[in-house]
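Everything numeric in this text was worked out from a predicted model, so none of it was measured. As a basis for the values below, the full set of heavy atoms in this structure was taken, side chains included, without hydrogen atoms, waters or symmetry mates.
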Amino acid sequence: MPRGNSPVSSISSNDMRCNAGGAAGVSGKCAVNAGDTVSVEMHQQPGDRGCKNEAIGGNHYGPVLVYMTKVPDASKADGSTGWFKVYENGWAAAPGNKGAADNDYWGVKDMNKCCGKVDFKIPTALAPGDYLVRAEVVALHTTQSAGGAQFYMSCYQITVTGSGTLAPATVKIPGIYGSSDPGIKINIHSAITGYTVPGPKVIAEGTTVTPGNAVCTNKMIRGANDVFAF
């Protein structure tokens with residue numbers, strides 16, 4: 001039950017929560033257990049869930065992030081509650097690359113390889129209840145100056161079951177990013193020696209992925225004609 005698939009450019013807009021129109025909510029929720037691995041899917045082409053086209057194409061490289069927020073009723077929540085980050089896949093230097101960072105490893109490249117799918121784990125100790133899941137790509141292809149980033153996000157409604165008590169510290173959206181943050185105002189068309197993923201740190205029970213590693217589980221790999229397990 002995703003909400004939104006268009007890029008948002010204003011970091012101060014409420015559309016940063018669940019994209020344009022995302023505050024209205026969507027009926028239906030997915031039931032998951034704390035500790036389960038959940039797969040979300042993002043594409044910039046409406047209605048295109050195949051693997052022929054890149055999920056986020058046009059060299060829109062950048063990190064892939066996943067946030068969660070606990071809410072009374074996920075089907076009606078507007079994302080104004082506090083969020084915590086449970087997953088990030090940012091940047092890693094590609095061996096031998098001495099040119100533009102476009103040629104390095106990025107979370108978006110891993111997601112495209114997996115046909116737009118991203119796996120993340122629901123923290124095992126997370127308190128039960130309704131949550132919104134916010135999956136996001138930060139596209140950095142025009143971020144040489146402040147205000148150039150494009151934010152692709154979708155929200156999903158889930159109900160978590162379990163006996164945990166974990167209630168992580170949260171941040172409000174908008175407010176997690178600044179237009180001049182080092183992970184947002186950056187020229188990836190030149191060589192870089194490091195990258196700071198924008199937003200808050202992943203919670204201790206969350207997952208941080210090093211780009212360039214196999215991140216697909218039982219999924220179609222871009223360019224292949226069969227499903228492989230990794």
Side-chain angles (χ1 to χ4, degrees), residues 2 4-13 15-20 22 40-67 85 87-118 134-155 173-200 208-213 215-216 221-223:
N5 61 9
S6 302
V8 177
S9 57
S10 173
I11 59 172
S12 62
S13 169
D15 289 344
M16 285 289 293
R17 295 169 180 166
C18 290
N19 215 307
V40 296
E41 187 172 351
M42 292 185 288
H43 297 270
Q44 70 184 43
Q45 304 90 5
D48 182 1
R49 296 186 61 189
C51 211
K52 180 179 179 180
N53 299 311
E54 288 185 325
I56 304 292
N59 299 327
H60 285 33
Y61 303 135
V64 176
L65 316 170
V66 180
Y67 296 80
K85 189 191 287 185
Y87 174 95
E88 69 179 29
N89 183 345
W91 167 89
N97 177 35
K98 299 185 183 300
D102 304 71
N103 300 318
D104 286 328
Y105 298 130
W106 290 97
V108 168
K109 291 186 179 183
D110 286 345
M111 187 185 74
N112 285 341
K113 182 180 178 182
C114 296
C115 303
K117 300 177 180 67
V118 176
R134 176 183 181 273
E136 176 184 39
V137 162
V138 182
L140 303 173
H141 58 299
T142 57
T143 53
Q144 298 93 322
S145 57
Q150 293 182 355
F151 303 89
Y152 292 82
M153 77 290 294
S154 292
C155 286
I173 301 175
I176 53 174
Y177 305 137
S179 60
S180 295
D181 288 353
I184 291 177
K185 184 183 177 184
I186 182 173
N187 183 7
I188 66 169
H189 307 306
S190 62
I192 63 175
T193 58
Y195 179 72
T196 302
V197 176
T208 300
V209 173
T210 300
N213 295 321
V215 293
C216 307
I221 302 300
R222 183 170 168 78

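A donor-acceptor pair under 3.5 Å is formed between the side chain of Tyr195 and the backbone N or O of Gly183. When atom types are taken as modelled, the side chain of Asp110 and the backbone of Gly107 share no donor-acceptor pair closer than 3.5 angstrom. Looking at Ser13, its side chain never comes within 3.5 Å of a backbone N or O of Ser10 through a donor-acceptor pair. A distance-only check finds no donor-acceptor pair linking the side chain of His43 to the backbone of Ile56 [under 3.5 Å]. Side chain of Gln44 to backbone of Gly57: a donor-acceptor contact under 3.5 angstrom is found. Remark: side-chain polar atoms of Asn213 are paired, donor with acceptor, to backbone N or O of Thr210 under 3.5 angstrom. The backbone N or O of Val8 sits nowhere less than 3.5 Å from a side-chain atom of Asp15 that would complete a donor-acceptor pair. Remark: the backbone N or O of Gly50 is paired with a side-chain donor or acceptor of Asp48 at under 3.5 angstrom.
Ring planes of Tyr152 and His60: tilted class, angle from 30 to 60°.
For Tyr67 and Tyr87, the gap between ring centers reaches or exceeds 6.0 Å. Outside the 6.0 Å centre-distance limit, the rings of Trp91 and Tyr61 are not counted as a close aromatic pair.
Side-chain contact between Pro198 and Phe151: absent, with no pair of heavy atoms (C-beta onward) separated by less than 4.5 Å. Using a 4.5 Å heavy-atom threshold, the side chains of Pro174 and Arg17 count as touching. Glu88 has its side chain out of reach of Val64: every pair of non-hydrogen atoms, C-beta onward, lies at least 4.5 Å apart. With contacts defined as side-chain heavy-atom distances shorter than 4.5 Å, the pair Trp106/Asn59 does not qualify. Looking at heavy atoms from C-beta onward, Glu54 lies out of side-chain contact with Met111 at the 4.5 angstrom threshold.
Separation of atoms NZ (Lys113) and SG (Cys51) is listed at 11.5 Å; rounding is to 0.5 Å. Rounded to the nearest 0.5 angstrom, Ile173 CD1 and Cys155 SG are separated by 7.5 Å. For the atom pair CE of Met153 and SG of Cys18, the computed distance is 8.5 Å after rounding to the nearest 0.5 Å. Between Met42 atom CE and Asn112 atom CG the span is 10.0 Å, to the nearest 0.5 Å. If you take NZ on Lys109 and CG on Asp104, they are separated by 7.0 Å, rounding to the nearest 0.5 Å. Distance check, rounded to the nearest 0.5 Å: CG of Leu140 to CD1 of Ile188 gives 5.5 Å.
Nearest heavy atom pair, residue Pro63 against residue Gly90, reads CB-CA, 3.9 Å. A pairwise comparison of heavy atoms in Asp181 and Gly178 identifies OD2-N, 2.7 Å as the closest pair. Closest heavy-atom contact between Lys85 and Leu65: NZ-CD2, 4.2 Å.
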